[in-house]
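Please read the structure below before turning to the comments.
Chain identifiers are assigned alphabetically (A, B, ...) following the order of the sequence lines, protein sequences preceding nucleic acid strands; residue numbering begins at 1 within each chain.
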Amino acid sequence: MAKAGITTRDKDYSQWYLDIVDQADLAENSGVRGCMVIKPHGYAIWELIRDALDQRIKETGHVNAYFPLLIPKSYLMKEAEHIEGFAPEVAEVTRAGGEELAEPLVIRPTSETIIGATYAKWIRSWRDLPVLINQWANVMRWEMRTRPFLRTAEFLWQEGHTAHATEEEAEQETLKILHDVYADVVENVMAIPVYRGLKTERERFAGAVRTYSIEAMMQDGKALQAGTSHNLGQNFAHSFEIKYQTSDNREEYCWTTSWGASTRLIGALIMAHSDDDGLVLPPKVAPLQVVLVPIFKTDEERSMVLEAVARLTAGWKGRFRFKIDDRDNLSMGFKANEWEVKGVPVRVEIGPKDLQKGTVAVSRRDRPGREGKTFIEQAGLDEHIEGLLDEMQQALYDRALAFQRVHTFEAADYDEFKQKVEQGFVRVYFDGNGDDEDRIKAETKATVRVLPFDQAEEAGRCFFTGRQTQRIAIFARSY
RNA sequence: CGGGGCGUGGCUCAGCCUGGUAGAGCGCAGCGUUCGGGACGCUGAGGCCGGAGGUUCGAAUCCUCUCGCCCCGACCA
C-alpha cells in the first residue's frame with residue numbers, strides 16, 4: 001500500500017528515490033543547479049554518520065585539520081593524471097575584489113594537491129612521519145547530471161590524507177581505512193553489507209597507484225560505491241616534492257594515501273532499506289529512534305495521558321533519541337503516517353484505554369502499517385524498546401544481506417552475463433583488459449565494481465575472453 | 001552538449017487552440033465540531049500569469065527574443 005506522494009519502487013525506482021527524499025524532508029533543490037539544501041532531518045542523519053566515521057578515524061590514530069576551499073590552479077596542474085581526471089568538472093574563480101585574478105583559483109574537487117603542497121613544507125625527517133590527517137569539508141565537482149545525495153555539484157565529505165616512510169605502511173593504511181573505518185561504519189552502523197576489493201585500472205582514482213572500495217547493493221540491483229581508499233604511491237610526492245631524510249641520512253620521497261566518504265552515503269541508506277511507505281532508518285543512524293504519540297480527546301484525558309508519558313520517558317534522556325508528539329491539531333493517523341514516512345524506527349502510542357489496561361501500542365518501522373503494531377505492558381517498556389532497536393538494527397542488516405546474496409550471480413559466458421547483470425551483481429572469472437571493460441560497459445552499462453579480496457582458489461574460464469584465469473571480478477551497473 | 005517537456009497564489013495544476021472582469025484542489029489563518037491509522041464545516045488572506053519587446057481598442061492567451069527549471073542520453077564520489 002503506497003502512501004500518497006510516493007511512487008512505488010516497481011513502478012519507477014528513480015522517481016521513488018526522489019519522492020522519499022522529498023516526503024521524508026531530507027533535502028530539496030536550491031537556486032543553484034546541482035546544489036541541494038540539506039534539510040534538518042537529512043542533516044541529522046549525516047551528523048550521525050559523520051560522528052561514526054569521525055570516531056573511527058580518530059581511533060585509528062588520525063587527527064582533524066582544515067585546508068582551504070580555493071586552490072591555485074597551478075597546484076592542480078602538477079600531477080598530470082590527476083588534472084586530466086578532474087579538469088572537466090572543476091569550477092574556477094577568475095575574478096575577485098572587482099579585478100581579474102593573476103592566477104585563477106579552482107574550487108577544490110578534492111584536496112590532494114593543496115595538502116600535498118603543505119606536506120612538502122611540513123615534512124623534513126623520518127621522525128615527522130607518518131602524517132595522519134583528516135579533514136571534513138565540502139567539495140565541488142561540476143557534474144552534468146545530478147541527483148540529491150547521489151551526485152550533487154557540491155557535497156560534504158571527509159578526506160583523509162596521509163604520508164608514510166614506506167610503501168608497505170602506506171598500503172596498510174589504505175586497507176585499514178577501508179576495513180576498520182568504511183566497511184565497519186557502513187555494515188555495523190548503517191546496516192548495509194558491502195563487497196570489498198580493488199578497483200581495476202579503468203576505475204582507479206586519477207593519480208592513484210591502487211584504489212580500493214566498498215560497494216553496496218541497492219534494491220534495484222545497482223551498485224553504489226560507499227567509500228574509497230587510495231594508495232597514491234609516490235605520485236603526489238614526486239609532483240609536490242614531499243620528501244624526508246631517512247635515519248641514515250638519505251633523501252626519500254614519501255608514500256601517500258587518500259580516502260573519502262561523502263553525503264552520498266545517505267543515498268545508500270535510502271536505497272538499501274526504505275520501502276514504498278517512506279524512509280526506513282536503522283536505529284543507529286535514526287535522528288529520532290522513538291516517537292511517542294499521546295492520544296486523547298478531553299483536556300482531562302490529555303493531562304492524564306501526558307502525565308503517563310512523562311512517567312514512562314523519565315529515564316530516557318541519553319538512552320534513546322526520542323520525541324513526544326503532543327501536537328493537538330493533527331490526528332493520530334496523520335502522525336503515524338508522518339513518522340513512518342520519516343523513518344522513525346519505533347512509534348509508541350498511548351491513550352486512555354492504555355492507561356486503564358497498563359499497556360502501550362508499539363510499532364516497528366521495518367514492518368510497516370498496522371502489521372508492525374503490538375500492545376505491550378507499560379512495565380518494562382524501556383527494556384523492550386532497547387531490545388527492539390537492537391533487533392531492528394540486526395534485522396535490517398540481515399534483510400539487506402539476504403538481498404545482496406540472492407542478487408549476486410555467476411555467469412559462465414557473456415550471454416548469461418548480459419542477462420544476470422540486469423538483475424544485480426555478477427561475480428565472474430574475468431581475464432579481460434581495459435578495452436574489454438570498455439566494451440562490456442558500452443554494451444551492458446556494467447563496470448567492474450571490485451576485484452574482491454576473496455579471490456578464487458582455483459583457476460576458471462573467463463566469461464568474456466574464454467581464457468583460463470585465477471582472477472575474480474564483481475560487475476554491476478552503478479550509481 | 002544533443003533530444004523532449006514546462007514556467008499562472010506556498011504546492012500541484014486548469015485556463016491558451018478560438019484575445020474580453022484570473023480559476024480549482026491542497027496548504028495557510030480564525031472559529032466550531034472532531035481525535036485509537038492521512039477528519040469535517042463555515043469564514044478569510046494570498047497571484048501585476050518567468051522577463052523584455054511587438055501585434056491589438058484590449059494579451060496569461062497571438063508573434064519575436066530572452067532567462068530559468070525538470071526529465072531522458074554521453075562524464076562521475
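- Counting any heavy atom pair closer than 4.0 Å across all strands shown, A:E143 reaches a base atom.
- Here B:rG9 sits opposite no nucleotide as a Watson-Crick or G-U wobble pair (both hydrogen-bonding atom distances under 3.5 Å).
- For A:R145, counting side-chain heavy atoms from C-beta on, the closest listed nucleotide (B:rC75, B:rG37, B:rC72) is B:rC72.
- The side chain of A:E338 has B:rG38 as its nearest neighbour among B:rG38, B:rG37, B:rC71.
- Contact annotation for A:K373: base contact, defined as any heavy-atom pair under 4.0 Å involving a base atom.
- Shown here, B:rG46 forms no base pair; nothing in the strands shown gives a Watson-Crick or G-U wobble contact with both key distances under 3.5 Å.
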**Prompt:** Reading nucleotides 2-10 of chain B 5' to 3', which nucleotides get B (base under 4.0 Å from a protein heavy atom), which S (sugar-phosphate only), which -?
**Reply:** ---------
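- Pairs passing the salt bridge (charged side-chain N to carboxylate O under 4.0 Å, His left out) check and including a residue from residues 282-297 of chain A, sequence neighbours excluded, do not occur.
- Judged by a 6.0 Å distance limit and a 45° cone about the ring axis, A:K78 is positioned over the six-membered ring of A:Y75.
- Put simply, A:N29 has no side-chain N or O that comes within less than 4.0 Å of OP1 or OP2 on B:rC69.
- In plain terms, the two heavy atoms of A:V209 and A:R204 that are nearest each other are O-CD, 3.4 Å.
- Considering only side-chain N and O atoms, A:S331 lies under 4.0 angstrom from the phosphate OP1 or OP2 of B:rA39.
- Relative to the six-membered ring of A:W339, A:R347 misses at least one condition, a distance below 6.0 Å or an angle of at most 45° to the axis.
- Under the ring-ring contact (aromatic ring centres under 6.0 Å, His included) criterion, A:H62 pairs with A:W259, sequence neighbours left out.
- By the criterion of a centre-to-centre distance under 5.5 Å and near-parallel planes under 30°, the ring of A:F155 forms a stack with the base of B:rA77.
- Across A:L224 and A:A268, no two heavy atoms sit closer than the pair CD2-CB, 3.8 Å.
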